[in-house]
Protein chains: 2
Amino acid sequence: MKGIKRLAQHLDISIGTVSRALNGKPDVNEETRKRVLDAAAKLGYAPNQAGRSLRRGTTNAIGFMIETNEETEANSDNFFLGVIAGLTGALLRHNLDLVVLPCSVNEDPHDYLQRIVARRLVDAVIISATQREDRRIDLLKAAHVPFIALGRTGGPDEHAWIDLDFEGVAHEAVARLVARGHKQIAVAIPDTDINLGYVFRDAFIDALARHGLTVDPSFIIRARSSEHGGYTIGNAILAMEDRPTAVVLVYEMMAIGLYRRLNEAGLTPGQDLAIVGFREGPQSQFLSPALTCFRMSLRDLGIGLAEGLLATMPDYADLYPAGPMHKLWPMELVEGESDGMVIDR
Amino acid sequence: MKGIKRLAQHLDISIGTVSRALNGKPDVNEETRKRVLDAAAKLGYAPNQAGRSLRRGTTNAIGFMIETNEETEANSDNFFLGVIAGLTGALLRHNLDLVVLPCSVNEDPHDYLQRIVARRLVDAVIISATQREDRRIDLLKAAHVPFIALGRTGGPDEHAWIDLDFEGVAHEAVARLVARGHKQIAVAIPDTDINLGYVFRDAFIDALARHGLTVDPSFIIRARSSEHGGYTIGNAILAMEDRPTAVVLVYEMMAIGLYRRLNEAGLTPGQDLAIVGFREGPQSQFLSPALTCFRMSLRDLGIGLAEGLLATMPDYADLYPAGPMHKLWPMELVEGESDGMVIDR
DNA sequence: CTGAAAGCGCTTACAG
DNA sequence: CTGAAAGCGCTTACAG
């Protein structure tokens, strides 16, 4: 005998009453409820999730799908832990558990998500690393699974999403550089099909245009999102006949490798090449010269995602009545010295 | 109508036969099986996990409990993504899904795990960030939930565990420093109750003893496991009347802050103070001077954990017949210049 | 080789 | 206020 039956037998009442007492239903004698709660705590009883899910049709779990690959492993993952901390905190208020669902490199993300969804492992989903064309969106819509995307896609966007304010970053970075006399500005974006690369590139081109500048196609540099990628960006720039005087990076880790490549060539970041990084990381201030970059709260982003997701879930939508969230997450400039140089006009 | 019933109705056969076909049971007509598999693929059918779990008593999911706090958020988390990648790959071979269970800072880790276990959310558990006294071990033993610990505890250790080879690192680091003439060697450990701090401290003291050295208690410096902690380590060392000539760090991120503090004081790492870091990170080689540290494969560690865990699970133990795994994970020296100085004797 | 039926642990109308 | 019973979606002995 186990589970609720054991508890009921131990108390010599029916399992129905035990269930009602535990679930805070009215119409339970307060003394009975107290006995049940005490016994449950003493015996460490918690309802079997499979039984409960089967009956209720919900799991009380929210899935956060992340993808592990060589790059995220080495880099962006301190991104996720902060977001996860915010998510768990916000979901806990509604007794929802966050389960992180890591998709193996060996598996197609779409197939992975399809399996998760079909098995009804979670009630709602947060997806990340959105691609330019992301079939997961269609899958989730078709399955009527509430979801929010961390990142935009190239497709229609009636669904809820939050994305970093790549436009704001591109405009602020370009404005700073132009004010210091730069006209030859390059941008470094990922060499994958992740959508943020396209978003950032377009925002960058647009920012240049506002200052009457056009972009040299060779100044759009695709590289791995890692310190090694930064090193190859350095290679690419050094190999150019007509070099840019400034570069804007979409990943902060790129800065580390770029600094190294410049140092090897006897050049000084911030003096021979102006550099603006992306998100502030632990190493940003410790690089020499300090990297100019942008700050954000990962934890608040996690809370924002949780609230945006809850608004799409029928059971919680009335508490978060904003409708599908479309939000550009602001990032705040952190001035360093990596873009301090001034170009003579 | 949904789930297996819908599939059965669509094919005009019984749900029992559908189930047997999908689960690869013998005694199913091969043509029937093919029809079932085709229809399942076409309709995107996957068995509802709650129904399956309830009937089978297993969930096919493995939980990896991690704790999010300010420090892990900022630092060690690129640790986890690599381990997760290894875990997912190894578990996928047995059609087991990894779900990462992040315990909120607002919740007691023991209570969190108890809830997870009682609800039977997963079949087996990997715990991390083991404390000196870790009641989660007793909980898992009492509940007869297969588990493996990433990290030792101060208590009995009949259970399966894998831990980093702190002893090997301490001995190799101390041997290098002693060979260069250092006698005044400090160690930096976390200021929390996480067990690795005690393990590393003891290993360090033992390593010194092998060279006939004793440790000055003030040379055992407790600090936050972050770049900020490294900065405070610098403060502590600079404030000492009789300063150490070398320091061994238990967290690589500490090096960044320590470098900065030394630079601010006009001192040069590797020249005025020898530094040995712990795990090699993306920044290790890019620090100047390059940090002497230790290399390991996170992915292999994840695979090791998966195999160690599977060996404790009745259904898989015959495939991994090693018995409870007790393993010190080796780390390989990466020579930098941060400990290059030689002390005149 | 297939179907009918039991039962996994819950929650919840329903009857009293 | 409580108990008895149905049923969520599966899997699996059992019967044929």
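In this text, all values refer to a predicted model and were calculated from it rather than measured experimentally. Numbers restart at 1 for each chain; the letters A, B, ... are given by sequence-line order, proteins then strands.
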| message | Rounded at 0.5 Å granularity, tell me how far CG in B:Asn106 sits from CG in B:Asp108. | response | 11.5 Å

| query | Does a nitrogen or oxygen in the side chain of A:Lys25 sit under 4.0 Å from OP1 or OP2 of C:dT12? | reply | yes

| request: Find the partner of C:dT2: check Watson-Crick (N1-N3 plus N6-O4 or O6-N4) and G-U wobble (N1-O2, O6-N3) distances, both under 3.5 Å, and reply none if neither fits. | output: D:dA15

| request: Select from B:Val28 and B:Gly51 the residue whose nearest nucleotide in DNA chain C is closer to the 5' end of that strand. | output: B:Val28

| A:Leu54 CG to D:dG7 C1', straight-line distance once rounded to whole Å | 8 Å

| said: What is the distance, to the nearest angstrom, from the NZ atom on B:Lys5 to the P atom on D:dC10? | reply: 10 Å

| Does some side-chain heavy atom of B:Ser19 sit less than 4.5 Å from a side-chain heavy atom of B:Pro47? | no

| Between A:Arg20 and A:Gly3, which has a closest nucleotide on DNA chain C that is more 5'? | A:Gly3

| task | With the side chain of A:Asp27 defined as its heavy atoms from C-beta on, choose the nearest nucleotide among D:dT12, D:dT2, C:dT11. | result | D:dT2

| message | Considering every strand and a 4.0 Å limit on heavy-atom distances, what is the contact class for A:Ser53: base, sugar-phosphate, or nothing? | response | nothing

| What nucleotide, of D:dT11, C:dG3, D:dT2, holds the atom closest to the side chain of B:Ile13? | C:dG3

| query | With respect to the side chain of A:Ser14, which nucleotide from C:dC10, C:dT2, D:dG3 is positioned closest? | reply | D:dG3

| task | Taking only the side-chain heavy atoms of B:Asn48 (C-beta and beyond), determine which of D:dT2, D:dG9, C:dG9 contains the nearest atom. | result | D:dG9

| Which is true for A:Gly57 with a 4.0 Å heavy-atom rule: it touches a base, it touches only sugar-phosphate, or it touches nothing? | nothing

| field | Closest to side chain of B:Asn23, choosing from D:dC8, D:dT11, C:dT12 | value | D:dT11

| task | Side chain of B:Lys2 only, please: which of C:dT11, D:dG9, C:dT2 is the nearest? | result | D:dG9

| request: Please determine if a side-chain N or O atom of B:Tyr45 lies less than 4.0 Å away from the OP1 or OP2 oxygen of D:dG9. | output: no

| task | With B:Leu113 as reference, evaluate B:Glu107, B:Arg135, B:Arg136 under the side-chain contact (heavy atoms from CB on, under 4.5 Å) test and give the passing residue. | result | B:Arg136

| Minimum-distance nucleotide to B:Arg55 side chain [options: D:dC1, C:dC10, C:dA6] | C:dA6

| Check ion pair A:Glu133-A:Arg152 (N to O, under 4.0 angstrom) | no

| Of the listed nucleotides D:dT12, D:dT2, C:dC10, the one nearest the side chain of B:Ser19 | D:dT12

| Plane angle bin for B:His94 and B:Tyr320 - parallel if under 30°, tilted between 30 and 60°, otherwise perpendicular | perpendicular

